[in-house]
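Chain identifiers are assigned alphabetically (A, B, ...) following the order of the sequence lines, protein sequences preceding nucleic acid strands; residue numbering begins at 1 within each chain.
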Amino acid sequence: MQVAQVIVDVPARQTNNPFSYSIPDNLANQIEPGMRVQVPFGNRKITGFVVDICDNSNFDGKLKPISDLIDLYPVINPELLNLADWLADQTYSFKISCLQTMLPGGMRTKNKKKLIAKNQDVIEQHPTIFHGQNEIEYDRGNFDNKTLAQILNLQKAGEIQVEYDLTNHARPIMLRAYKGVLNSEQIDEALKSVRKNAIGQIKLLNILKGQPTDNLLLSKWESMGVTASTLKNAEKKGWVSATSKRHVRNPFLRPVDPSKPFKLHPDQKNAVDSINQAISTQKDQVFLLEGVTGSGKTEVYLQSIAHALEMGRSALMLVPEITLTPQIVGRIRSRFGDQVAMLHSAMSNGERYDEWQRINTGKAKVVVGVRSAVFAPLKNIGLIIMDEEHDSSYKQADNPRYQTRDVAKWRAAYNHCPVVLGSATPSLESRARAMKGVYTLLSLPHRINRHALPHVSIIDMKTEMTKHQSVMSNKLADAIQVRLDKHEQIILLLNRRGYSSFLMCRDCGYVPRCPNCDISLTMHKDTHSLNCHYCGHTEPIPRVCPKCHSKRIRGYGTGSQQLEEQVRNMFPTARVLRMDVDTTRKKGSHEAIIDKFGAHKADILLGTQMIAKGLDFPEVTLVGVLNADSALQFPDFRSSERTFELLTQVSGRSGRADKTGEVIIQTFNPDHYAIKLAQTQDYEKFYATEMRVRHEGKYPPYYYTVKLTGNSPNENQTASEMFGIMNFLKKNLSPEAIILGPTPKTITRINNHYYYQIIIKYRREPKLKPTLDDILIQSQKKQRQGLQIAIDNEPLDFM
DNA sequence: GTCGCTCTCATA
DNA sequence: ATGAGAGCGACT
């Protein structure tokens, strides 16, 4: 007898192993590993992933049969099934979460339940449940305990029925097409038979008369004035035949012109040769491609991808979250055309589903995408590229907390292919591995056009005068005016989130704070409200201070909205564009802003981090960084690295064409090494300095780290549980392991939950994994008391 | 005795 | 996750 091993969709420790189900006759020979099924579990029906089919089960009891098949083909291929196991183990998360993460958003089934009333009486007797409708969504959180008990009783009495809605949310678009099947005599006959006032039908028949019998899409018919219902009717009468055509959504906004490989300069050629060698010999070698901005990394990627394709293999190229701009995708598509699929968070569920489908069926051979694209169902991968490998968006913030680099390396080993990690400012971890010979270092030290790097000057804001309380120094303001006069473009970077300004009373110093979290509320001028960044709490902006009733309560700090206002006031004739989370929320607005600025329809582009990366505007000759050190103020071991990397990145934005660029960095820490070394773009010296700091502080890459976070609604409980965990760790780990904490997190209270953390730093700790697994199992029991434990393996920060 | 509540347990 | 059953106080 065939038995299916199924990972059920119940995210809990106790259900983290496959459950055995028998395969009913009607599904025999149809079920394969990687397909999703519906199975009975307890007294309900849930979704699950078939991970294996075997001949017998080691489960003693009687097996229940699989109730239904959700997919007609496997949605998780054998490689990814393997990967899911490894990933769950690595990230201390559930297998089901890993499997779900691998699917494009729209394909994740939601276990939605419906309550259906058997008759009208039930609806009328229970208005609080049904509100006059015969079908409602059954979300247990929406009802109080009393109502839930009522529902249960009604269910037992057979008065209402619970149904499960396990459908995919992304679906293919099917377009109806119709064509005429009558010859002209039949049409004449039909014309005689219809009523005189059947305008629609007469119109259709007349069109059919003059038209060759082509399949025409419904939209085409509609544009000719024939409605869908007329066509449906005509189909019944046998006048037209109908077909459905799958419409593949196209996420690419515009066509691109094909491009030819460029001639490589010697450094590039050397890099391409090494990578291609590894592709040909199927070696899972990891390369660190280190090249300053403008050194031609992309061309190296393109020619290596071309080689992988020539070898009959596929290629995966990963890019950071906000870089995936049309500029980069355009370059890939111009070389490889329709074989390129794109996976990006700004795409709709439907678009992502269609692109995923093109990859899964083998139609797309090159995938360009963000973090989650590392799970693209490509087969026979010949090359994996991670551009800007140091970027923080490669680490997933919630379960499974994976580092894309590690997943890429796993897939490379599985597929016997190389990984190329590219960056101008590699992460210290990667660079250290390259120095140890674990990775192969390839460098592109020269800018392609041999143009000098822009001139970078640092302005000490402690001594610099500013015009009327502005965040902008006189020097920067003057420099901007010079460019405006010359009709050149300017980029202004605010090293902070867009809406970071808060409200403060100028008389008593009162700052409105979130009632649920330990954080001040941020001001949104567009919606005229105060919002909490963490829990979503919203309240109106007060006119007078609630504490001292002063009217002098107003905004403080500089968000990009305020900067925009200031810049407009200072340079009234300049055309200003703002790009931040607020102005790019709408689909396509990101591209629209870039296009507009690229076409020189604006003089100044100002915004947050997202303007720093990967954009190429030849007309930009001045880049101003308003507050270079705001990242340095974070109590985090990676803040220097972040600051250096960001400043180096923006500097690369200036003067890429034939005009020399200038960069002006405003800072309150002009002597900090991250800022000084960014001025000279000296990565080598920064690497050496920062490695010393990391060595002294026992930070990565000298030490491995784990962050353990606990939270519950009760602060005392959280603290005492975390102390218990700390003692347990001390007992089980070697004396060399460094255990820090428990300490309250920087923001201790979020949504009325109290957060404490423990940091573990270690070099070799074979008992760590089993100890942490143990802690998770123990904590499962305490979960009902509201305590939640999260483990982050190799966290990006200790905050 | 049984209703109502919380706690524990198994789910194949 | 979540329904079922156990255990226990309270009460028609």
Could you give the [atom1]-to-[atom2] distance, from [X] to [N], as a whole number of Å?
{"X": "A:Phe49", "N": "B:dA12", "atom1": "CZ", "atom2": "P", "value": "20 Å"}
{"X": "A:Gln780", "N": "C:dA1", "atom1": "CD", "atom2": "C1'", "value": "10 Å"}
{"X": "A:Asn43", "N": "C:dA1", "atom1": "CG", "atom2": "P", "value": "16 Å"}
{"X": "A:Ile46", "N": "C:dT2", "atom1": "CD1", "atom2": "P", "value": "10 Å"}
{"X": "A:Arg13", "N": "B:dT8", "atom1": "CZ", "atom2": "P", "value": "20 Å"}
{"X": "A:Gln100", "N": "C:dA1", "atom1": "CD", "atom2": "P", "value": "14 Å"}

| Residue among A:Asp797, A:Thr404, A:Asp406, A:Asp792 satisfying side chain to side chain donor-acceptor pair (under 3.5 Å) with A:Lys395 |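 So, applying the side chain to side chain donor-acceptor pair (under 3.5 Å) to A:Lys395 and each of A:Asp797, A:Thr404, A:Asp406, A:Asp792, only A:Asp792 qualifies.
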Checking side-chain polar atoms at under 3.5 Å, does [X] have a donor or acceptor matched by the opposite partner on [Y]?
{"X": "A:Gln757", "Y": "A:Lys745", "result": "yes"}
{"X": "A:Ser712", "Y": "A:Gln717", "result": "yes"}
{"X": "A:Asn415", "Y": "A:Glu79", "result": "yes"}

| request: Kindly indicate, with the supporting measurements, whether the criterion salt bridge (Lys or Arg N to Asp or Glu O under 4.0 Å) is fulfilled by A:Arg246 and A:Asp354. | output: CA-CA 10 Å; A:Arg246 168 109 197 246; A:Asp354 281 1; 2.8 Å; yes
| message | If the test is side chain to side chain contact (heavy atoms under 4.5 Å, CB included), which one of A:Ile759, A:Leu776, A:Leu772 qualifies with A:Leu708? | response |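 It is A:Leu772; the other options fail the test.
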Using nucleotides 9-11 of chain B, report all nitrogen or oxygen pairs with the protein that are shorter than 3.5 Å.
residue : atom : partner : partner atom : Å
B:dT11  : O3'  : A:Gly42 : N            : 3.3

| task | Could you tell me whether the side chain of A:Tyr21 and the main chain of A:Pro40 form a donor-acceptor pair under 3.5 Å? | result |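 Confirmed, A:Tyr21 side chain pairs with A:Pro40 backbone.
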| Aromatic plane relationship, A:His753 with A:Tyr755 - under 30° parallel, 30 to 60° tilted, over 60° perpendicular |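 Tilted, since the angle between the ring planes falls between 30° and 60°.
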| task | Would you sketch DNA chain B in dot-bracket for me? Only Watson-Crick or G-U wobble pairs with both distances under 3.5 Å count, crossing pairs as [ ], other-strand pairs as |, the rest as dots. | result | |||||||||||.
